[in-house]
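Just so it is clear: chains get the letters A, B, ... in the order the sequence lines come, proteins before strands, and each one is counted from 1.
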2 protein chains.
Amino acid sequence: MSDDRWEPPAILLAVDLVILTLRDSRLHVLLVERGIEPYKGAHALPGGFLQHSQEGLVAAAHRELAEEADLDVETLRLEQLGVYDDPDRDPRGRVVSVAFLAIAPRLPEPTAGTDAADAGWHPTDRVLSGDVRLAFDHRRIVADGIERARAKLEHSALATAFCGPTFTITELQDVYEAVWGMPLDPRNFYRKIKKTDGFILPAGSARKAATGRPARLFRAGPREVLYPPMIRPVDSPNGKEPVQ
Amino acid sequence: MSDDRWEPPAILLAVDLVILTLRDSRLHVLLVERGIEPYKGAHALPGGFLQHSQEGLVAAAHRELAEEADLDVETLRLEQLGVYDDPDRDPRGRVVSVAFLAIAPRLPEPTAGTDAADAGWHPTDRVLSGDVRLAFDHRRIVADGIERARAKLEHSALATAFCGPTFTITELQDVYEAVWGMPLDPRNFYRKIKKTDGFILPAGSARKAATGRPARLFRAGPREVLYPPMIRPVDSPNGKEPVQ
DNA sequence: TTAATAGTGTCTATTAGACAATATGTC
DNA sequence: GACATATTGTCTAATAGACACTATTAA
């Protein structure tokens, strides 16, 4: 610990938010355009410093999201993603940032707030590929957030958080396909979802049909943890052969 | 973000360490006896404040571990466990703590360092049950660390980190049984482990036998991610609580 | 009717789980 | 020999994956 004359180090605490949503069956992340230096004009995750010593991290995250993107944030469930503390990650000095992850259903285009020149959804693949360049270490944070979402889709009912209050099983499959980045067999998916007790519940009668048979509607069920889990087809994990 | 006359809040950053090991087939956690207020004399996780503004979190964790428990810490791989930021968690003021998790093979009894009156291994069940009371919110942190270890045993080769350089399959099973807290069938376990390519590699010939047939020796293989995963028998699909 | 999507059924290869049988050491 | 633990084998129920088939709407 410390002796009595020890001087607390000057370290700033910040929060960064990875907000993911689905638009046109593609995974998108919420980015702002930075209005101040450093990285002025560059894209970045919403976020900022804790404002006073009693402010909680989650409270700060909600505040920044409201300030920068004017999103209705009450319904978002923030989950701790990790701490980013590379001493050189911010040119202003030592900034330790706690990243949060949240999943949003289809939301209206956010309006720019005060601090950020612009806020909007960007396809995650354009961020990961480097086509959209992010300030600080935010690309890494986005990558970590996506990987977390992929993993959580396997073991939790997180997928329903991407959907509105009611949804079809095909819409739910769209979520899995977009986040996992791979196609799934609709028939096996349907069977697996319906056999997982408490994952989804019937919600009224059928609806929707630009064409084809109308789909039944469901809503999120009480089950949070999926057991057995949804299985993410092997893309190429750590060197396992397709078949022995 | 901030305007130019904004005063940085006085927030202290700390690290806490959950070091788990196996002793007599029971899961143990490393605790120190606090030598200073608050909670002087109580058990607590090793940890402490960042000492200067350029010190990294992992570096601080290593330093504290060396100071307080005099453990050879070079081989420990620290993994971020989470951030604990309840404004009331420390009576001295606002202390935000980053917890790390590490798994240690059987280690010698640690010797007390300078800051801590005593350091030693304590069975985790006595911590979780409340028989051993911890300072601050450290009981919660230990619980989170154990749950993380349980989950990681399913999908990673973490179990080998509990073992020495070489081990038998039965010893590996002991790890799973102790961390998961449930018995496993040795024959099915044996088959499952051996069919997972790259999990373990043969290491010399047989050895060890107080009684019974000598077991073959193995060492950790290159595989880090287990696919398909080890399956934790369902005893209660305990839900994960949302991060506050 | 056709087109298009929703939903069901069926077969097969794999595997988790239960547990018998055999191997190899010490006493 | 008895005993204890390690290792292999075998049977069965469950299920992921592939895919044919039926159902229900709009045009």
Side-chain angles (χ1 to χ4, degrees), chain A residues 24-25 153-155 163 166-177 180 182-197 199-219 226-237 240-244, chain B residues 24-25 153-155 163 166-177 180 182-197 199-219 226-235 237:
Chain A
D24 305 321
S25 296
L153 245 49
E154 296 188 85
H155 301 279
C163 303
T166 64
F167 49 85
T168 68
I169 291 191
T170 301
E171 286 170 354
L172 198 61
Q173 183 180 338
D174 282 344
V175 173
Y176 276 89
E177 291 187 331
W180 282 353
M182 53 181 59
L184 302 174
D185 184 285
R187 293 140 326 168
N188 293 336
F189 183 84
Y190 204 100
R191 168 166 49 103
K192 174 77 177 177
I193 293 290
K194 295 211 70 173
K195 103 154 54 160
T196 303
D197 261 3
F199 191 177
I200 58 173
L201 299 174
S205 52
R207 181 202 60 168
K208 280 186 190 241
T211 176
R213 173 176 175 175
R216 296 182 208 157
L217 286 178
F218 298 88
R219 57 188 173 85
L226 301 187
Y227 187 88
M230 298 292 294
I231 293 178
R232 166 162 40 156
V234 60
D235 175 75
S236 128
K240 166 87 179 184
E241 300 289 335
V243 197
Q244 53 223 28
Chain B
D24 305 320
S25 296
L153 245 51
E154 297 188 84
H155 301 278
C163 303
T166 63
F167 48 87
T168 68
I169 290 191
T170 301
E171 285 170 354
L172 197 61
Q173 181 179 340
D174 281 344
V175 173
Y176 277 88
E177 291 186 332
W180 284 353
M182 52 181 61
L184 302 173
D185 184 286
R187 290 134 336 159
N188 293 336
F189 183 85
Y190 204 100
R191 168 167 49 105
K192 174 77 177 175
I193 293 290
K194 295 210 71 174
K195 102 154 54 158
T196 302
D197 261 5
F199 190 177
I200 58 172
L201 299 174
S205 53
R207 184 200 55 170
K208 286 184 191 239
T211 175
R213 174 176 175 175
R216 297 182 210 157
L217 286 178
F218 298 87
R219 56 187 173 86
L226 300 186
Y227 187 88
M230 299 293 293
I231 293 178
R232 165 163 41 155
V234 60
D235 101 324

Separation of atom [atom1] in [X] from atom [atom2] in [N], rounded to whole Å:
{"X": "A/I169", "N": "D/dA23", "atom1": "CD1", "atom2": "P", "answer": "19 Å"}
{"X": "A/K195", "N": "C/dG9", "atom1": "NZ", "atom2": "P", "answer": "13 Å"}
{"X": "B/I193", "N": "C/dT15", "atom1": "CD1", "atom2": "P", "answer": "15 Å"}
{"X": "B/L172", "N": "D/dT5", "atom1": "CG", "atom2": "P", "answer": "18 Å"}
{"X": "A/L184", "N": "D/dG17", "atom1": "CG", "atom2": "P", "answer": "9 Å"}
{"X": "B/F189", "N": "C/dA16", "atom1": "CZ", "atom2": "P", "answer": "13 Å"}
{"X": "B/M182", "N": "C/dA16", "atom1": "CE", "atom2": "P", "answer": "16 Å"}
{"X": "B/D185", "N": "C/dA20", "atom1": "CG", "atom2": "C1'", "answer": "12 Å"}

- Quick tally for nucleotides 22-27 of chain C: nucleotides whose base has a protein heavy atom under 4.0 Å get B, sugar-phosphate-only ones S, the rest -, giving -BBB--

- Closest to the side chain of B/N188, out of C/dC19, D/dC19, C/dG7, is C/dC19

- Minimum-distance nucleotide (side-chain atoms of A/K192 versus C/dA6, D/dA16, D/dA20):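 It is D/dA16.
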
Less than 4.5 Å apart, any side-chain heavy atom of [X] and any of [Y]?
{"X": "B/H155", "Y": "A/H155", "result": "yes"}
{"X": "B/W180", "Y": "B/M230", "result": "yes"}
{"X": "B/L184", "Y": "B/P233", "result": "yes"}
{"X": "A/K192", "Y": "A/P228", "result": "yes"}
{"X": "A/K194", "Y": "A/F218", "result": "yes"}
{"X": "B/F167", "Y": "B/V175", "result": "no"}
{"X": "A/P202", "Y": "A/R216", "result": "no"}

- Message: Base, sugar-phosphate or nothing for A/T170? Non-hydrogen atoms, less than 4.0 Å.
- Response: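 Sugar-phosphate only.
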
- Query: Which is true for A/I231 with a 4.0 Å heavy-atom rule: it touches a base, it touches only sugar-phosphate, or it touches nothing?
  - Reply: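 Here A/I231 touches the backbone only, sparing every base.
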
- Message: Please compare A/P228 and B/R191 by the position of their nearest nucleotide in DNA chain D and report the one closer to 5'.
- Response: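 Going by which nucleotide is closer to the 5' end, it is B/R191.
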
- side-chain N/O A/K194 vs C/dG7 OP1/OP2, d < 4.0 Å: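 No, outside the criterion.
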
- For D/dT7, does either OP1 or OP2 sit under 4.0 Å from a side-chain N or O belonging to B/R216?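 So the side chain of B/R216 is within the cut-off, an N or O lying under 4.0 Å from OP1 or OP2 of D/dT7.
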
